[in-house]
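Letters A, B, ... mirror the listed sequences (proteins, then strands); counts begin at 1.
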Number of protein chains: 2
Amino acid sequence: MPTEALDIPSAPNAQTPLVRKLGAMCLMSQEEIEFLEGLQNHIVDVKKGRDFVEEGEELRATCVIQEGWAIRYILLPNGRRQILSYALPGDIIGLHINFRAHANYSAAALTPLKVATVDPRRILEISQKFPILASGLSWSTAREFAILGDQAVRLGRLSAPQRLAHLMLELWHRLALLDDTDGRWIAMPMTQTELADTLGLSLVHTNRSLKSLREKGWVTVESDAIRLNDVDALMEMSLFNPDHLANFSI
Amino acid sequence: MPTEALDIPSAPNAQTPLVRKLGAMCLMSQEEIEFLEGLQNHIVDVKKGRDFVEEGEELRATCVIQEGWAIRYILLPNGRRQILSYALPGDIIGLHINFRAHANYSAAALTPLKVATVDPRRILEISQKFPILASGLSWSTAREFAILGDQAVRLGRLSAPQRLAHLMLELWHRLALLDDTDGRWIAMPMTQTELADTLGLSLVHTNRSLKSLREKGWVTVESDAIRLNDVDALMEMSLFNPDHLANFSI
DNA sequence: CGGCCAATTGATTAAACTCAATCTGCGTGG
DNA sequence: CCACGCAGATTGAGTTTAATCAATTGGCCG
């Protein structure tokens, strides 16, 4: 198992992935859990490939992913795309919406998606009424920062095969927190084009780097999933630091 | 002047850079301003080059930069470094400190620094008592995200000269919000080694890319400062999007 | 004057990109 | 049922960008 995080007992009766995720970090009261679950009762389906947040547009609602994966990305005027991060179940898009704030990135469904849309004013309500919950969201924010920071490290200071391995390990750890891994298999719903736009590489070079990890025997690739055959080797070669995703250690 | 932000009247009697920064976004009451200023009365000096936050260490205090520049960075086991972002006066390091949270990046003084150290519990107090102030800090958080997102775009999808120009424009806009630019001159207190670690390049290639901007006449480089001679050309070639730093437009 | 740090330049090597074909699996219409 | 089209994956070949290695220069300070 990837981190000590899993030794911390989860929130009881956790139904939504957000409650499960926060439960790994902080001990919420039953009232807080119920409030948080109650927030997420308005569920919207988003078709695979569809944008549900568009850069520059005014944000109307805070979105909490219930099922499926999304990407946050920025499109450049020359047509190139940089995917900033993957949003998994329990992740929040638009947590920090302010008066007339405009989205500074787009978000799209990587797989068919179920999202809860929440009135941003109810988020402010949380910080006034539920201090534990508020600190849970604050932790979630700090974790998003750490994830984006690791993305910057990948893009700035790792080689192509390192970037790939590093990303796989990140996803493995994040999915493990949701109990969403089957041993060493993890879902990989993105195409190689999307992978390339995540890692700042060309499609061709992404393909070749993936091949090199396969040929070393470190990963097994299936359509829509990969298996991490040698986690130690992957961690060492990609310089992955698991503390960045479990900064609540001890 | 870079953005429409400057047309919004600043907070009256703004003394600390944080109040000046937030004043550009939200209209705080006199009481809120005084509370925020009062928070920042414990000032610490940090010598140039010194780390004041170390990755992995437990964070004891929230730091608000009063004077000087800092860097947030991650050091890899192989000795390479990725600078994530620059912290300017008014920026906050450790806004989202939680119970026994450990820093997931280091921070060091790029210049001699004055920082206010704040008890993190007083941050929680803000969100409970001062809703406008809380939304201001939330905006500040969203802005930090946008800055780090732009950093990922630079690292992932821009060429070396584009990365340089893009970073200069970011700093120009951020300094303008603090009224800290002298026309088109901006401070550049970092060495080329630090610039290279910011942009994900080698020192030599950074030097050559800087030379190419100079030779095109777009920038003038002095020690510790540069002048943006042709902002339009820089914006076009680097695909810079000023909205990311002024997402409160209209 | 010497030492040191930062900046600059030259030459070579390595990594990653681009262009151009295939190849493969899958669904669909004839 | 099969040919066709299409999207995604794979491979080859040549080019470009950036890294590395190696000096050299410039400024500043003791």
- Rounded interatomic separation in angstrom, taking CD from A/Glu215 and P from D/dA9: 17 Å
- Hey, does A/Ser159 reach any base, or is it just sugar-phosphate, or nothing, if we go heavy atoms under 4.0 Å? sugar-phosphate
- Task: Specify the separation, in whole Å, of atom CG of B/Asp224 and atom C1' of D/dG27.
- Result: 13 Å
- Look at the side chain of A/Arg208 and decide which nucleotide, out of D/dA19, C/dC17, D/dA18, has an atom nearest to it. C/dC17
- Item | Residues A/Thr191 and A/Glu194: side-chain donor-acceptor under 3.5 angstrom | yes
- Task: Could you check how far CG of B/Leu199 sits from P of D/dA19, rounded to whole Å?
- Result: 10 Å
- In whole angstroms, how far is the C1' atom of D/dA9 from the CZ atom of A/Arg214? 9 Å
- Query: How many Å lie between CD on A/Gln192 and C1' on D/dA7, as a whole number?
  - Reply: 12 Å
- Task: Kindly assign one of parallel, tilted or perpendicular to the pair B/His166 and B/Phe240, based on the angle between their ring planes and the thresholds 30° and 60°.
- Result: perpendicular
- Query: Taking only N and O in the side chain of B/Lys211, is any of them less than 4.0 Å away from OP1 or OP2 of C/dT9?
  - Reply: yes
- Task: Figure out the CG/C1' separation between B/Asp197 and D/dA18, and round it to whole Å.
- Result: 15 Å
- Message: Using a heavy-atom cut-off of 4.0 Å across all strands, would you classify A/Thr191 as base, sugar-phosphate, or nothing?
- Response: sugar-phosphate
- Note on the structure: Of B/Leu201 and A/Thr193, the one whose closest nucleotide on DNA chain D sits nearer the 5' end is A/Thr193
- Message: Looking only at side-chain N and O atoms, does B/His102 offer a donor or acceptor that is under 3.5 Å from a partner on B/Glu55?
- Response: no
- Message: Checking contacts here: which listed nucleotide (D/dT10, C/dA16, C/dT9) is nearest the side-chain heavy atoms of A/His205?
- Response: C/dA16
- Message: If I take atom NZ in residue A/Lys48 and atom P in nucleotide D/dA7, what distance separates them, rounded to the nearest angstrom?
- Response: 13 Å
- Task: Would you indicate, yes or no, if D/dA19 has its OP1 or OP2 atom less than 4.0 angstrom from a side-chain nitrogen or oxygen of B/Arg80?
- Result: no
- Item | Under 3.5 Å donor-acceptor, B/Thr117 side chain and B/Cys63 backbone | no
- Side-chain atoms of B/Ala160 come closest, of C/dG10, D/dA18, C/dA7, to D/dA18
- Task: Would you kindly say whether B/Tyr105 and A/Asp150 are connected by a side-chain donor-acceptor distance under 3.5 Å?
- Result: no
- Message: Check the phosphate of D/dT10 against A/Asn207, side-chain N and O only, distance under 4.0 Å to OP1 or OP2. Yes or no?
- Response: yes
- Query: Between A/Leu164 (CG) and D/dA9 (P), how many Å, whole number?
  - Reply: 13 Å
- Scan B/Arg163 against the nucleic acid and name what it touches under 4.0 Å (heavy atoms): base, sugar-phosphate only, or nothing. nothing
